[in-house]
Amino acid sequence: MKEYLKRLPKDLQDLISLAGDLAYSNNMPVYLVGGFVRDLILGVKNLDLDIVVEGDGIKFAEVLSQKLNAGLIRHRRFRTATVILKRHLKVDIATARREYYPQPAHLPEVTSGVLKDDLMRRDFTINAMAISINRQDFGRFIDCFGGEEDLADKKIRVLHNLSFIDDPTRILRAIRFKQRYNFKFEPKTLKLLRQANRLKMLEMVQPQRLRDELILILKEERPLKQLIRIKELIGFDFINSGLSLSKNTLAFLKSIESQISWFKRKYPKRRQLDIWLIYFIGLIDQLNINNIKLICKKFVFRRGEEKRILAYKKLKPKFIKELNRDKIKPSKVFSLLESLSYEVIILIKAKFKNANLKKRIEDFFEVYNGMRLYISGADLHKLGLTPGPYYQKIFHRVLNAKLDGLVKTKKGELELIKKITTRLK
Ligand code: ATP
């Protein structure tokens, strides 16, 4: 595998040889594993280095992060750690472990192990390959389950018959990798997946784990392709029993897809959207508010996420009514949309075909959202106004006038302020 490693960017190669040197001096064998090895062979860019340590993974991560002067997050319970390097580069370090599932669909019991044990606990053959980065056998390829052959044949294959029963989240992972790489299921794996689904194994999993896998699915490059396969293979009961991927929902999700590309194309420098959340809200839009609340409770979303999910459902009718009007002042459009997140605004734009509504949302992003006043607090002060909360009110009034085209220059803004304040006196 040396020739594969040589194709990596220089900074990754340096990082790998540093890890190998530290492994040697700390007497802890280390290996590249998992998705990193899979993508290395596939020639797919992957900046998440996955390392397994035969020894103490956390200690190794501490040594590595010190050497690199990089951030470190420890997950003591799982004996893993993450070294954060640059914005897009991180190293996941795990202690080689042996897993045992005392109960299906529950978290496994874990003991220390060697590399082979660690590979045996993995989900699919294509994720269970390793490369030694130790001095004595640098580049040695370890493939106990035929992962390389499955990669070449484009096959998703579990390592043993109980894989989906032990950990049903692998059902979702299998679909995710299959759709991402355009692979097929090895026939027995497909049979086992369907069996686990018939046994409703996903219902036995802790919902937060399902949520995390669902988020990963929606973060994939083509989430619709993922959802279509979920519909075909397992349906959406694991989210809510009333949920389906009807023609209407699919059309809405397609519209969401094009609105997201519109936003990304047009505003590459603005805040990054939580794209997965937009798709998720689109998917569950067919449900009533009570079911949506139930999902939020079950999946324990973060507060900001739940807020956006409920905001869309609750506020949608009001916004549509207002934004559809024949006449509406820009200041009104601004005050309506300003309180919403970008995610919710994009959902509203995706949901309705009405040209007025679309144009108003576009104007909001293009003009209103970035509109600034010429005047500042200092100008108000100069006019003899003592600073106080009513400064905000004045700014608000002037901004509304500016949005509606009633004032255009700094002079105009100042005149308006004088007018407002004389009236206040
Ligand atoms: P991605 O490219 O999406 O990051 P990945 O393969 O790196 O994919 P992770 O979720 O980061 O996926 O997991 C890292 C590795 O841990 C996987 O390659 C796999 O070997 C193993 N793994 C993750 N989840 C499971 C699971 N539920 N059961 C068994 N092994 C798992």
Side-chain angles (χ1 to χ4, degrees), residues 31 33-39 41-42 50 52 78-80 94-130 141-214 216-217 226 229-239:
Y31 304 87
V33 287
F36 185 81
V37 175
R38 176 197 68 219
D39 287 343
I41 298 174
L42 282 176
D50 251 338
V52 160
F78 300 105
R79 293 183 223 174
T80 62
T95 309
R97 63 196 207 223
R98 182 195 299 253
E99 284 184 352
Y100 161 69
Y101 286 84
Q103 255 186 301
H106 285 64
L107 286 176
E109 280 176 10
V110 176
T111 52
S112 297
V114 289
L115 176 74
K116 175 102 193 275
D117 298 314
D118 202 87
L119 297 178
M120 274 168 70
R121 71 171 182 86
R122 290 180 183 258
D123 44 8
F124 312 113
T125 58
I126 59 164
N127 287 342
M129 298 174 284
F141 184 45
I142 301 133
D143 179 15
C144 313
F145 307 98
E148 193 183 20
E149 198 180 328
D150 284 340
L151 265 192
D153 295 344
K154 299 173 174 281
K155 276 186 189 151
I156 305 288
R157 183 198 305 267
V158 283
L159 305 193
H160 60 89
N161 291 354
L162 287 179
S163 187
F164 291 123
I165 303 289
D166 281 346
D167 182 353
T169 65
R170 291 174 188 159
I171 297 174
L172 296 171
R173 294 178 62 82
I175 297 175
R176 179 158 68 89
F177 290 120
K178 179 195 173 308
Q179 295 301 83
R180 179 198 293 176
Y181 296 116
N182 281 325
F183 280 16
K184 47 198 169 301
F185 291 118
E186 170 273 324
K188 190 164 162 210
T189 297
L190 180 60
K191 216 171 107 195
L192 294 168
L193 186 153
R194 289 192 195 281
Q195 238 170 39
N197 185 50
R198 273 197 301 278
L199 291 171
K200 300 195 180 303
M201 290 308 297
L202 280 171
E203 285 177 19
M204 295 173 69
V205 180
Q206 191 199 25
Q208 285 100 307
R209 295 188 60 221
L210 293 180
R211 172 203 63 199
D212 292 345
E213 288 300 333
L214 178 64
L216 289 178
I217 283 174
Q226 299 276 344
R229 191 49 60 118
I230 290 182
K231 173 186 171 166
E232 263 171 44
L233 283 169
I234 57 171
F236 295 91
D237 283 4
F238 70 98
I239 304 176

- Could you go step by step and tell me if Arg211 and Glu213 meet the salt bridge (Lys or Arg N to Asp or Glu O under 4.0 Å) rule? CA-CA 5 Å; Arg211 172 203 63 199; Glu213 288 300 333; over 6 Å; no
- Item | side chain to side chain contact (heavy atoms under 4.5 Å, CB included) assessment of Ile126 paired with Leu42 | CA-CA 10 Å; Ile126 59 164; Leu42 282 176; over 6 Å; no
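- Here the shortest heavy-atom pairing between Phe141 and Val37 reads CE1-CG1, 4.3 Å.
- Closest of all the heavy-atom pairs between Lys155 and Phe183 is N-CD2, 3.7 Å.
- Residue Gly35 comes nearest to Asp50 through the heavy atom pair N-OD2, 3.7 Å, listed as atom of the first residue, atom of the second, then distance.
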- Query: Between Leu199 and Ile165, does a side chain to side chain contact (heavy atoms under 4.5 Å, CB included) hold up when you go through it step by step?
  - Reply: CA-CA 9 Å; Leu199 291 171; Ile165 303 289; 3.8 Å; yes
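- Of all heavy-atom pairs spanning Asp118 and Thr95, the tightest one is OD1-O, 3.7 Å.
- Without hydrogens or angle criteria, Glu186 side chain to Lys188 main chain gives a donor-acceptor distance under 3.5 Å.
- Residue Arg176 is tested with Leu214, Ile171, Ile156, Ile217 for a side chain to side chain contact (heavy atoms under 4.5 Å, CB included); the sole match is Ile217.
- Using modelled atom types, no side-chain atom of Lys178 and backbone atom of Arg229 make a donor-acceptor pair closer than 3.5 Å.
- For the pair Asp143 (side chain) and Met129 (backbone), a donor-acceptor distance under 3.5 Å is absent.
- With respect to Asp167, the salt bridge (charged side-chain N to carboxylate O under 4.0 Å, His left out) criterion is satisfied by exactly one of Arg209, Arg122, Arg173, Arg121: Arg209.
- For Met204 against Pro104, the heavy-atom pair with the smallest separation is CE-O, 4.3 Å.
- Within 6.0 Å of atom NZ in Lys200, 12 or fewer heavy atoms from other residues, nucleotides or ligands are found, so the atom counts as exposed in its surroundings.
- Ring pair Phe124/Phe177 is perpendicular by interplanar angle, where above 60° counts as perpendicular and below 30° as parallel.
- No hydrogens or angles considered: nothing links the side chains of Thr125 and Arg157 as a donor-acceptor pair under 3.5 Å.
- For the residue pair Asp39 and Tyr181, a side-chain donor N or O sits within less than 3.5 Å of a side-chain acceptor on the partner.
- Residues Leu192 and Phe164 come closest through the heavy atom pair C-CD1, 3.7 Å.
- Shown here is Glu149, whose CD atom has no more than 12 heavy atoms of other residues, nucleotides or ligands within 6.0 Å.
- Atom CG of Asp123 and atom CG of Asp166 lie 12.0 Å apart (nearest 0.5 Å).
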